Amino acid sequence: MSKGIMPAKPDPDLPAFTMGRAAAMIGVTPAFLRSLDGTGLIEPERSHGGHRRYSRHQLDLAARVRVLLDEGFLLAAACRIVTLEDRLAAAHRHIRELGGRLGPGEDARIPTQTRRTPPGVTPGMAATDHA
């Protein structure tokens with residue numbers, strides 16, 4: 001490599017990984033990846049021989065679905081959550097590309113604090129309304 005030339009950043013949408021390699025990379029079975037085909041979340045490219053090829057971005061989505069399933073979400077709900085997270089992240093990238101800024105309450109990369117509603121309190125009620 002020549003001095004001063006940085007290697008190109010890998011394209012996250014390049015379908016570079018075979019099913020077996022993709023499954024091994026994220027710690028799932030090939031059957032799990034095939035099951036995501038039917039959800040519409042991931043539609044892998046096909047090689048000339050008809051074999052599935054996955055991109056890094058698709059593997060990131062699949063790995064996130066696996067985490068949600070392990071937390072007890074149903075497959076349809078996990079796929080919907082991941083789809084919405086991915087769309088939000090894309091919208092935020094677009095805002096930044098246009099020169100916009102996101103505050104801490106708007107940036108999807110910054111986790112928000114959640115609180116459980118105390119027993120006897122209806123969500124949305126002021127704390128003084130239940131006394």
Side-chain angles (χ1 to χ4, degrees):
M1 180 166 65
S2 302
K3 270 191 159 181
I5 298 177
M6 299 290 291
K9 185 176 179 182
D11 180 357
D13 295 315
L14 179 69
F17 306 103
T18 64
M19 179 179 289
R21 175 76 176 122
M25 287 173 65
I26 62 171
V28 299
T29 64
F32 174 75
L33 290 176
R34 278 192 299 275
S35 74
L36 295 179
D37 286 3
T39 67
L41 176 68
I42 294 175
E43 295 177 11
E45 298 287 326
R46 298 283 182 151
S47 69
H48 292 295
H51 299 283
R52 291 173 176 86
R53 300 284 182 182
Y54 294 89
S55 70
R56 179 76 249 175
H57 180 240
Q58 290 172 325
L59 296 183
D60 290 343
L61 297 177
R64 177 70 177 129
V65 168
R66 181 74 259 167
V67 167
L68 291 171
L69 291 174
D70 291 344
E71 291 176 358
F73 286 88
L74 297 175
L75 179 60
C79 289
R80 183 68 177 147
I81 289 168
V82 171
T83 297
L84 293 172
E85 289 174 342
D86 189 50
R87 287 180 182 173
L88 181 60
H92 285 182
R93 280 191 304 276
H94 188 66
I95 288 169
R96 285 189 205 90
E97 288 168 2
L98 295 173
R101 293 181 185 215
L102 298 168
E106 301 165 323
D107 194 335
R109 297 173 304 168
I110 301 171
T112 58
Q113 295 295 323
T114 58
R115 295 189 182 109
R116 293 184 183 256
T117 305
V121 176
T122 304
M125 275 182 19
T128 57
D129 291 345
H130 71 278

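What you see is a predicted model; the values in this text were computed from it and never measured.
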S.K.: Run through the side-chain heavy atoms of Ile, Leu, Val, Met, Phe, Trp and Tyr, join any pair under 4.5 Å, and report what else lands in Leu98's cluster.
M.R.: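 Grouped by the 4.5 Å side-chain rule, Leu98 forms a cluster of one, so the answer is none.
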S.K.: Ala22 and Phe17: which non-hydrogen atoms are nearest, and at how many Å?
M.R.: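 Reported closest heavy-atom pair: CB-CB, 4.2 Å.
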S.K.: Where is the tightest heavy-atom contact between Ala23 and Pro30, given as atom of each residue plus distance?
M.R.: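 Scanning both residues completely, I find the closest heavy atoms to be CB-N, 3.8 Å.
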S.K.: Taking salt bridge (charged side-chain N to carboxylate O under 4.0 Å, His left out) as the test, write out the residues that go with Arg56, two or more places apart.
M.R.: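 For Arg56, the residues satisfying salt bridge (charged side-chain N to carboxylate O under 4.0 Å, His left out) (neighbours in sequence not counted) are Asp60.
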S.K.: Applying salt bridge (Lys or Arg N to Asp or Glu O under 4.0 Å), which residue pairs with at least one partner in residues 26-45 are found, sequence neighbours left out?
M.R.: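 As it turns out, the salt bridge (Lys or Arg N to Asp or Glu O under 4.0 Å) pairs with a partner in residues 26-45, which skip direct neighbours, are Asp37-Arg52.
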S.K.: Linking Ile, Leu, Val, Met, Phe, Trp and Tyr by side-chain heavy atoms under 4.5 Å, what else ends up with Leu14?
M.R.: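 For Leu14, no cluster forms, as it stays isolated from other hydrophobic side chains.
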S.K.: Who are the side chain to side chain donor-acceptor pair (under 3.5 Å) partners of His51, not counting sequence neighbours?
M.R.: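 Scan of His51 (side chain to side chain donor-acceptor pair (under 3.5 Å), adjacent residues dropped) gives none.
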S.K.: Should Leu75 and Cys79 count as side-chain neighbours, where that means a heavy-atom distance under 4.5 Å?
M.R.: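 They are in contact (side-chain heavy atoms under 4.5 Å apart), so the answer is yes.
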S.K.: Holding to side chain to side chain donor-acceptor pair (under 3.5 Å), I want the full list of residues that pass it with Arg64, two or more places apart in sequence or in another chain.
M.R.: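 Residues passing side chain to side chain donor-acceptor pair (under 3.5 Å) with Arg64: Glu85.
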S.K.: Measuring from atom CG of Leu59 to atom CD1 of Ile42, what distance do you get when rounded to the nearest 0.5 angstrom?
M.R.: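 Those atoms lie 7.0 Å apart.
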S.K.: With clusters defined by side-chain heavy atoms of hydrophobic residues (ILVMFWY) lying less than 4.5 Å apart, directly or transitively, does Ile81 cluster with Val65?
M.R.: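 Yes, one cluster joins them.
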S.K.: Assess whether side chain to side chain contact (heavy atoms under 4.5 Å, CB included) is satisfied between Gln58 and Leu36, documenting all intermediate values.
M.R.: CA-CA 10 Å; Gln58 290 172 325; Leu36 295 179; over 6 Å; no
S.K.: Verify side chain to side chain contact (heavy atoms under 4.5 Å, CB included) between Arg53 and Thr18, making sure each step is shown before the conclusion.
M.R.: CA-CA 5 Å; Arg53 300 284 182 182; Thr18 64; 2.6 Å; yes
S.K.: If hydrophobic clusters are built by linking Ile, Leu, Val, Met, Phe, Trp and Tyr wherever their side-chain heavy atoms come under 4.5 Å apart, do Val28 and Met25 end up in the same one?
M.R.: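 Yes, Val28 and Met25 fall within the same hydrophobic cluster.
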S.K.: More than 12 heavy atoms of other residues, nucleotides or ligands under 6.0 Å from CZ of Arg46: yes or no?
M.R.: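 Enclosed: over 12 neighbouring heavy atoms sit under 6.0 Å from CZ of Arg46.
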S.K.: Looking at side-chain heavy atoms only, is the closest gap between Ile26 and Leu33 below 4.5 Å?
M.R.: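 Sidechains of Leu33 and Ile26: in contact.
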